[in-house]
Protein chains: 2
Amino acid sequence: MERSTRQRQAIRAALREANRPLSPGEILEYARQQVPGLGIATVYRTINALVEEGSVVAVELPGEAARYEMAGKSHHHHFHCTSCGKVFELMGCPGDLSWLVPPGFHAEKHEIVLYGSCPNCPGA
Amino acid sequence: MERSTRQRQAIRAALREANRPLSPGEILEYARQQVPGLGIATVYRTINALVEEGSVVAVELPGEAARYEMAGKSHHHHFHCTSCGKVFELMGCPGDLSWLVPPGFHAEKHEIVLYGSCPNCPGA
DNA sequence: CCCATATTGATAATGATTTATCACTCTTGT
DNA sequence: ACAAGAGTGATAAATCATTATCAATATGGG
């Protein structure tokens, strides 16, 4: 059966406690604070298991490797800091955007990403 | 100095005449109608040159390889057909979205991608 | 406590996209 | 028309993120 290991606990904790989507590398970094020897392979394995069980979802961003966040959040979008590369969660949404599509097209969903600087980075 | 070859003409024409962003593979396909022996390496080389000279811009999409479109268009967004994978240009924009970002963040730009089915694909 | 085995970590392998190489070809100034 | 050298095509090689491998380790039911 599935076992509860320190590694998995640390990875779950990282995703639960970070209030923003994390890349595999960021998850590794966070979780290593609890489990120093943690390897990247275990991070990927665990992410995949969590996505498969539905408790975590992938956040895809233009030209970037996927980030991961806890599932079950309401519809929202993301902010990508162009300075540090961190991705943050935004709340709110402009609403239905299907008026943007020409006749013949059918819009089913949308993704919005805002870019700029986060509070920790020089306003550039 | 820079030479005007059939290959470059065909690649520029493909990008100019397609009224949507093209992937390197799509550019190859289109341009080969004019220059049958065209190789993918030339497509990449030419794309890079065109981007560098500023006449073409990359269109990055979540979880996808970049597409390329002519530069100089006014602010717009894109539609990604989930059935055929083609990317289309949309006109219009919900406008300023900086109200979405929390205090301390500074939004400089945004990207919006709509997903759904294009006129050529089954509404699925 | 013990052992079957799920899990891990290090690293090799993969897959997909993009770039470098190099001999040959085509463009262009003269 | 000619020659210098920019450009091309085929393909090897480089990236880079992700996955597979496998010996060693740690979990947890009995």
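Nearest-nucleotide positions on DNA chain C for B:Ala66 and B:Glu2 put B:Ala66 closer to the 5' end. Position along DNA chain D of the nearest nucleotide to B:Arg32 versus B:Arg8 favours B:Arg8 as the more 5'-ward residue.
Note on B:Val59 and A:Leu61: separate hydrophobic clusters, where clusters join Ile, Leu, Val, Met, Phe, Trp and Tyr whose side-chain heavy atoms are under 4.5 Å apart, directly or indirectly. By the criterion of side-chain heavy atoms lying less than 4.5 angstrom apart, applied directly or through intervening Ile, Leu, Val, Met, Phe, Trp or Tyr residues, A:Val35 is grouped together with A:Ile47 in one hydrophobic cluster.
Annotation: the span from A:Phe105 atom CZ to B:Phe79 atom CZ amounts to 6.0 Å, rounded to 0.5 Å. The distance from atom CG of A:Leu15 to atom CD1 of A:Ile27, rounded to the nearest 0.5 Å, is 4.0 Å.
The 12-atom threshold is not exceeded at CD of B:Glu52, counting heavy atoms of other residues, nucleotides or ligands nearer than 6.0 Å.
Atom CG in A:Leu50 sits roughly 12 Å away from atom P in C:dT7 (whole-Å rounding). Rounded to an integer number of Å, the gap from A:Met1 CE to D:dA26 C1' is 12 Å. Distance, B:Arg6 CZ to D:dT8 C1': 10 Å, rounded to whole Å. As rounded to whole Å, 7 Å separates atom P of C:dT8 from atom CD1 of A:Ile11. The distance between atom CD of B:Gln9 and atom C1' of D:dT8, rounded to the nearest whole Å, is 14 Å. What separates CD1 of B:Ile47 from C1' of D:dT8 is a distance of 15 Å, to the nearest Å. Atom pair B:Leu28:CG and D:dT8:P shows a separation of 13 Å (rounding to whole Å applied).
Close to C:dG9, at under 4.0 Å from its OP1 or OP2, lies a side-chain N or O of A:Thr42. Side-chain nitrogen and oxygen atoms of B:Thr5 include none within less than 4.0 Å of the OP1 or OP2 phosphate oxygen of D:dA6. In terms of phosphate contacts, A:Gln7 brings no side-chain nitrogen or oxygen within less than 4.0 Å of OP1 or OP2 of D:dT27. Residue B:Arg3 has no polar side-chain atom (N or O) positioned under 4.0 Å from OP1 or OP2 of C:dC26. Of the side-chain N and O atoms in A:Ser4, none sit less than 4.0 angstrom from OP1 or OP2 of D:dT27.
Summarising the geometry of A:Thr42 relative to A:Ile11, their closest heavy-atom pair is O-CD1, 3.9 Å, with the distance given to 0.1 Å.
The one candidate from A:Glu60, A:Arg67, A:Glu111, A:Glu69 that meets the side-chain hydrogen bond (donor to acceptor under 3.5 Å, both in side chains) condition with A:His78 is A:Glu69.
By the 4.0 Å N-to-carboxylate-O rule, A:Arg8 lies too far from A:Glu53 to be salt-bridged with it.
Between its opening and closing five pairs, the helix from C:dC1-D:dG30 to C:dT30-D:dA1 changes axis direction by 40°, a value rounded to 10 degrees.
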I need a per-nucleotide contact map over nucleotides 19-25 of chain D, read 5' to 3'. Cutoff is protein heavy atoms under 4.0 Å; write B for the base, S for backbone only, - otherwise.
BBB----
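Ring geometry, B:Tyr115 versus B:His80: the interplanar angle falls from 30° to 60°, so the pair is classed tilted.
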